[in-house]
Student: 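Encoded as structure tokens, here's the structure I'll be asking about.
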Amino acid sequence: MSEHFDRTDLRILDTVQRDGRITNRELAETVSLSPSACHQRLQRLIENGWINSFHGSINVERLCSPLQCIAALSMSSHSPDSFRQLEHAVDQMPEVLEAYTVSGASDFIIRFACASMTRYIELTDELIRECPSISNISTHVVMRQSKHFSGYPLRALNPDFAF
């Protein structure tokens, strides 16, 4: 961590990740700062890359019923070019919500949200065409999301984060 990063900054990060719409006044009260000092710290955290972005969490089910699939991909070649080729192809697909390079039986885990199973099959067919090193795709259809991401447990990740 930086020499300019302290417990107050950590409290700001913890608070903002739980409520990105919090007003500066409320944030200042939460972290025991004046509103102007809080605003300056928040801007510094943003400018220095501690906060990547702010997003709204929408209720997509009110708009439509997307089919969500988690695909575990295995590669026959582990060359850097093969991995870059797959990463580039995945990056071009808006239906890909998340993608991870992993260890174990699979090489990649990819989460898709598609309008239909037909669209999911089109996407995986496209991946196979563009990335001939794909040797296997194992698909898991999401039936229900049991827990939603709500921020990192900063205190649990590092016990030294006493704030």
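All values derive from a computational prediction rather than experimental measurement. Residue indices begin at 1 and follow the sequence shown.
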Student: One thing to verify: whether Arg18 and Asp14 come together as a salt bridge, which I'm taking to mean a side-chain N less than 4.0 angstrom from a carboxylate O.
Tutor: yes
Student: Could you tell me whether a side-chain N or O of Ser82 sits under 3.5 Å from a main-chain N or O of His78, the two making a donor and an acceptor?
Tutor: no
Student: Tell me, with the steps shown, if Leu86 and Met75 meet side chain to side chain contact (heavy atoms under 4.5 Å, CB included).
Tutor: CA-CA 10 Å; Leu86 178 60; Met75 305 287 282; 3.9 Å; yes
Student: Does Asp6 pair with Arg41 as a salt bridge, N-O distance under 4.0 Å?
Tutor: yes
Student: Drop me the distance from Thr15's OG1 to Leu27's CG, to the nearest 0.5 angstrom.
Tutor: 6.0 Å
Student: If hydrophobic clusters are built from ILVMFWY residues whose side chains come within less than 4.5 Å, do Leu154 and Leu45 share one?
Tutor: yes
Student: In terms of side-chain geometry, is the basic nitrogen of Asp81 or Arg84 positioned less than 4.0 Å from the acidic oxygen of its partner?
Tutor: yes
Student: Apply side chain to side chain contact (heavy atoms under 4.5 Å, CB included) to residues Ile137 and Ile128 and explain how you reach the verdict.
Tutor: CA-CA 9 Å; Ile137 299 177; Ile128 292 166; 4.0 Å; yes
Student: Compare every heavy atom of Met93 with every heavy atom of Phe112, then report the nearest pair and how far apart it is.
Tutor: CE2-SD, 4.4 Å
Student: Less than 4.5 Å apart, side chain to side chain, heavy atoms only: is that true for Leu67 and Cys69?
Tutor: yes
Student: Look only at the side chain of Asp19 and the backbone of Val16, and say whether a donor-acceptor pair between them is shorter than 3.5 Å.
Tutor: no
Student: Spell out, as yes or no, whether a donor-acceptor pair under 3.5 Å connects the side chain of Asn48 to the backbone of Trp50.
Tutor: no
Student: Taking all non-hydrogen atoms of both residues, which atom of Ala72 and which atom of Ser106 are closest, and how far apart?
Tutor: CB-OG, 3.3 Å
Student: Please answer whether the main-chain N or O of Ser74 pairs with a side-chain N or O of Asn136 as donor and acceptor at a distance below 3.5 Å.
Tutor: no
Student: Rounded to the nearest 0.5 Å, what's the gap from CD on Gln92 to CD on Glu87? Could you check?
Tutor: 12.5 Å
Student: Just jot down the salt bridge (Lys or Arg N to Asp or Glu O under 4.0 Å) partners of Arg62, sequence neighbours excluded, or say none.
Tutor: none
Student: Can Ser57 and His55 be counted as having a side-chain donor-acceptor contact under 3.5 angstrom?
Tutor: no
Student: Applying the 4.5 Å side-chain criterion to the ILVMFWY set and letting contacts propagate, would Leu127 and Met117 be lumped into a single cluster?
Tutor: yes
Student: Hey, what do you get for CD (Glu29) to SG (Cys38), rounding to the nearest 0.5 Å?
Tutor: 10.0 Å
Student: In this structure, would Val102 and Phe108 fall into the same cluster of hydrophobic residues linked by side-chain contacts under 4.5 Å?
Tutor: no
Student: Atom CD in Glu95, atom SG in Cys114: separation rounded to 0.5 Å?
Tutor: 5.5 Å
Student: Working to the nearest 0.5 Å, report the span between CD1 of Ile109 and CD1 of Ile70.
Tutor: 8.0 Å
Student: Step by step, would you call Tyr100 with Glu98 a side chain to side chain donor-acceptor pair (under 3.5 Å)?
Tutor: CA-CA 7 Å; Tyr100 303 92; Glu98 299 172 302; 3.0 Å; yes
Student: Which is it for Val142 and Arg111 under the side chain to side chain contact (heavy atoms under 4.5 Å, CB included) test, yes or no, and what are the steps along the way?
Tutor: CA-CA 9 Å; Val142 175; Arg111 185 165 71 104; 5.5 Å; no
Student: Run the numbers on Arg119 and Glu122 for salt bridge (charged side-chain N to carboxylate O under 4.0 Å, His left out), then give the verdict.
Tutor: CA-CA 5 Å; Arg119 178 61 181 150; Glu122 290 170 358; 3.3 Å; yes
Student: To the nearest 0.5 Å, tell me how far Ile110 CD1 sits from Thr139 OG1.
Tutor: 10.0 Å
Student: Is Tyr152 reachable from Leu42 through a run of hydrophobic residues whose side-chain heavy atoms are each under 4.5 Å from the next?
Tutor: yes
Student: On a heavy-atom basis, which atom in Gly20 and which in Phe54 lie closest, and how many Å separate them?
Tutor: O-CD2, 4.0 Å
Student: Give the cluster check for Leu13 versus Ile46: same hydrophobic cluster or not, with ILVMFWY residues linked at side-chain heavy-atom distances below 4.5 Å.
Tutor: yes
Student: Donor-acceptor pair, Gln85 side chain versus Glu130 backbone, under 3.5 Å?
Tutor: yes
Student: Please examine the side chains of Asp107 and Thr101, heavy atoms only from C-beta on, and report whether any two atoms are closer than 4.5 Å.
Tutor: no
Student: Given 3.5 Å as the limit, does a donor-acceptor pair link the side chain of Ser76 with the main chain of Ser133, or not?
Tutor: yes
